[in-house]
Amino acid sequence: MDVKLFQESRAWIQDQLKISVEFWLKNGIDRVNGGVYTCLDRTGKVYSTDKSVWMQGRCAWTFAYLCAVYGVKEEWLEASRSCLDFMEKYCINREAGNRMYFTVTADGKPLRQRRYCFSEGFYCIANAEYYGVTGDKECLERARAAYELIYQLNNGLIKDPTGLGPKTIPTTRSGRALADPMIYLNITSVLRRVDPERDELYAGRAQECADQIFKYHFKPELGCTLESVGPNGEFRGDVTEGRVVNPGHDIECSWFLMEHANRSGDGELHKKAEQVFNQAINAGWDKEYGGLLYFIDCLGNPPEAYEHDMKLWWPHDEILIAAMMLYRDTGDETYLDWFYKTLDYCKTYFADPEYGEWYGYLRRDGKPTMPSTKGSTFKGPFHLPRMLIMVDTMMGQVLDKQG
């Protein structure tokens with residue numbers, strides 16, 4: 001390992017974290033209604049005041065996590081609390097079993113409800129992380145309740161109280177989505193860290209998630225991990241939905257699995273997670289323009305999604321986390337090479353030295369979509385600062401090992 005290059009790269013990561021955090025505190029936090037705006041243009045100007053409920057939870061988690069890692073700063077804690085309070089007051093559909101909305105207006109009027117329970121997931125980790133920093137027991141109880149609600153919904157133990165039902169007509173086609181076990185695995189990781197009193201429950205649930213991922217979605221014979229499969233893991237190769245691979249999702253999944261493997265001391269699981277990463281990065285890396293393609297078809301057919309060849313910020317964040325975790329855990333410099341290759345791509349195309357933060361959406365050739373954006377309903381202060389915090393921490397661990 002070139003220690004000087006490693007240290008210089010870490011310094012850049014730390015600088016980008018400072019820039020990202022300041023960008024969102026300055027431009028995103030709603031000082032009038034509470035919560036966070038995430039539809040921001042290149043300069044940080046709000047271009048839509050509708051609020052993503054995912055982002056209220058993600059932002060609350062991020063700023064609490066900053067406090068957990070670097071020590072409490074009042075402006076971080078206030079930002080987290082603002083999003084938590086906004087969610088509690090406006091984003092929960094109390095008449096539908098405490099299911100949460102997907103989008104609301106600036107002042108909290110409900111706009112859209114979705115069948116997916118990811119709003120509840122981000123609400124869960126936000127409350128859990130805030131409890132971990134402050135000891136606020138009410139937040140812990142909220143996190144525990146949301147955690148159980150998601151489990152029951154994911155496993156069909158209760159009917160969805162929203163009445164929305166499945167995405168497709170179940171008598172025609174039903175199946176499994178990779179997002180359900182992988183996101184629940186990450187939620188479990190946060191709760192396990194801040195709520196050790198229930199470690200046995202969390203350890204069991206985490207293992208259930210890992211088992212489901214490898215039993216149903218991991219397809220070594222196809223060289224991928226599939227987004228959607230039949231109820232028993234059947235490969236549906238005759239339809240586009242059944243062939244979809246999201247390489248960034250698979251890479252994110254790989255480090256979720258590695259975290260669980262490290263916590264449980266399961267070396268075999270770690271090796272399988274490494275295989276998930278290797279398959280995804282090799283299949284998804286654009287050999288002509290660089291960067292990670294958004295979607296690919298596992299059989300090489302035309303992908304259905306029109307954005308399939310775009311380059312989005314978050315899959316590259318996941319590469320940086322997973323590659324550094326693999327290098328830290330295995331010492332294999334192949335993963336350090338992937339880290340540097342991806343970091344160079346991000347420095348060149350995603351980072352914006354003039355206005356700060358990263359572009360969210362690039363064309364295949366690396367040029368930002370026009371007009372360029374720093375935030376949207378799906379992009380806010382989460383993937384990028386999470387990556388920067390985690391990579392900074394792991395790079396410090398690697399340097400500590402070096403002595």
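At most 12 heavy atoms of other shown residues, nucleotides or ligands fall within 6.0 angstrom of atom CD in E197. Surrounding CD of Q152 are more than 12 heavy atoms belonging to other residues, nucleotides or ligands, all under 6.0 Å away. The number of heavy-atom neighbours closer than 6.0 Å to NZ of K159, taken from other residues, nucleotides and ligands shown, is 12 or below. Within a 6.0 Å sphere centred on NZ of K287, other residues, nucleotides and ligands contribute more than 12 heavy atoms.
Residue V104 comes nearest to P110 through the heavy atom pair CG1-CA, 3.9 Å, listed as atom of the first residue, atom of the second, then distance. L336 and M1 make their closest contact through CD2-CG, 3.9 Å (heavy atoms, listed as atom of the first residue, atom of the second, distance). When every heavy atom of V3 is checked against every heavy atom of L399, the shortest pair comes out as CG1-CD2, 4.3 Å. Taking every heavy atom of both residues into account, L269 and L257 meet most closely at CD2-O, 4.1 Å. Here the shortest heavy-atom pairing between S119 and W54 reads OG-CD1, 3.2 Å.
With contacts defined as side-chain heavy-atom distances shorter than 4.5 Å, the pair F23/L40 qualifies. Between F63 and E129, the closest side-chain pair of non-hydrogen atoms is not below 4.5 Å. Taking 4.5 Å as the limit, every side-chain heavy atom of E141 sits out of range of all side-chain heavy atoms of E138. A 4.5 Å side-chain heavy-atom check between T62 and W76 finds every atom pair outside the cut-off. When side chains are defined from C-beta on, C139 counts as touching R81, because their heavy atoms get closer than 4.5 Å. Side-chain contact between L17 and P385: present, with at least one pair of heavy atoms (C-beta onward) separated by less than 4.5 Å. In this structure, the side chains of R144 and R198 come closer than 4.5 Å at one or more pairs of heavy atoms. Looking at L312 and L362, their side chains never come closer than 4.5 Å, going by heavy atoms from C-beta outward.
For the pair K109 and D107, the salt-bridge criterion is met [side-chain N within less than 4.0 Å of a carboxylate O]. A salt bridge does not link K272 to E268: none of the charged nitrogens lies less than 4.0 Å from a carboxylate oxygen.
T43 meets the side chain to side chain donor-acceptor pair (under 3.5 Å) test with D41; sequence neighbours excluded. By the side chain to side chain donor-acceptor pair (under 3.5 Å) test, Y70 pairs with D392, sequence neighbours left out. Applying the ring-ring contact (aromatic ring centres under 6.0 Å, His included) criterion to F295, with sequence neighbours excluded, gives no partner residue.
Donor-acceptor pairing under 3.5 Å is recorded for the side chains of Y151 and E208. The closest side-chain donor-acceptor pair between T334 and D332 falls under 3.5 angstrom. Between the side chains of Y123 and N98, no donor-acceptor pair of N or O atoms lies under 3.5 Å. Checking E252 against W314 by side-chain atom types alone, no donor-acceptor pair falls below 3.5 Å. For the residue pair R236/S228, the side-chain donor-acceptor check at 3.5 Å is satisfied. With 3.5 Å as the limit, one finds a donor-acceptor pair spanning the side chains of Q207 and H260. No hydrogens or angles considered: nothing links the side chains of D136 and Y131 as a donor-acceptor pair under 3.5 Å. One side chain, R42 or Y359, offers a donor N or O that lies under 3.5 Å from an acceptor on the other. Residues R205 and Y184 have side chains that bring a donor and an acceptor to within less than 3.5 angstrom of each other. Checked by atom type, the side-chain pair N93/Q113 shows a donor-acceptor distance below 3.5 Å. No donor-acceptor contact under 3.5 angstrom links the side chains of S189 and Y202, judged on distance only.
Note that K311 lies outside the cation-pi zone of Y294, set by a 6.0 Å cut-off to the ring centre and a 45° limit from the axis. Geometrically, R364 does not engage Y289 in a cation-pi contact defined by less than 6.0 Å to the ring centre and at most 45° from the axis. In this structure, K347 forms a cation-pi arrangement with W12, its terminal cationic atom sitting closer than 6.0 Å to the ring centre and no more than 45° off the ring axis. Because its NZ or CZ atom is both nearer than 6.0 Å to the ring centre of F122 and within 45° of the ring axis, R58 counts as a cation-pi partner of that residue.
Of the possible polar contacts, one joining the S82 side chain to the G35 backbone as a donor-acceptor pair under 3.5 Å is found. With hydrogens and angles ignored, the 3.5 Å screen pairs no side-chain donor or acceptor of T38 with any backbone N or O of G380.
Within the model, atoms CH2 of W61 and CG of L66 stand 8.5 Å from one another, a figure rounded to the nearest 0.5 Å.
Checked against a 6.0 Å centroid threshold, the rings of F350 and W313 do not count as neighbours.
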task: Check step by step if ring pair (Phe, Tyr, Trp, His ring centres under 6.0 Å) holds for Y335 and F277.
output: CA-CA 10 Å; Y335 300 115; F277 175 89; 5.7 Å; yes
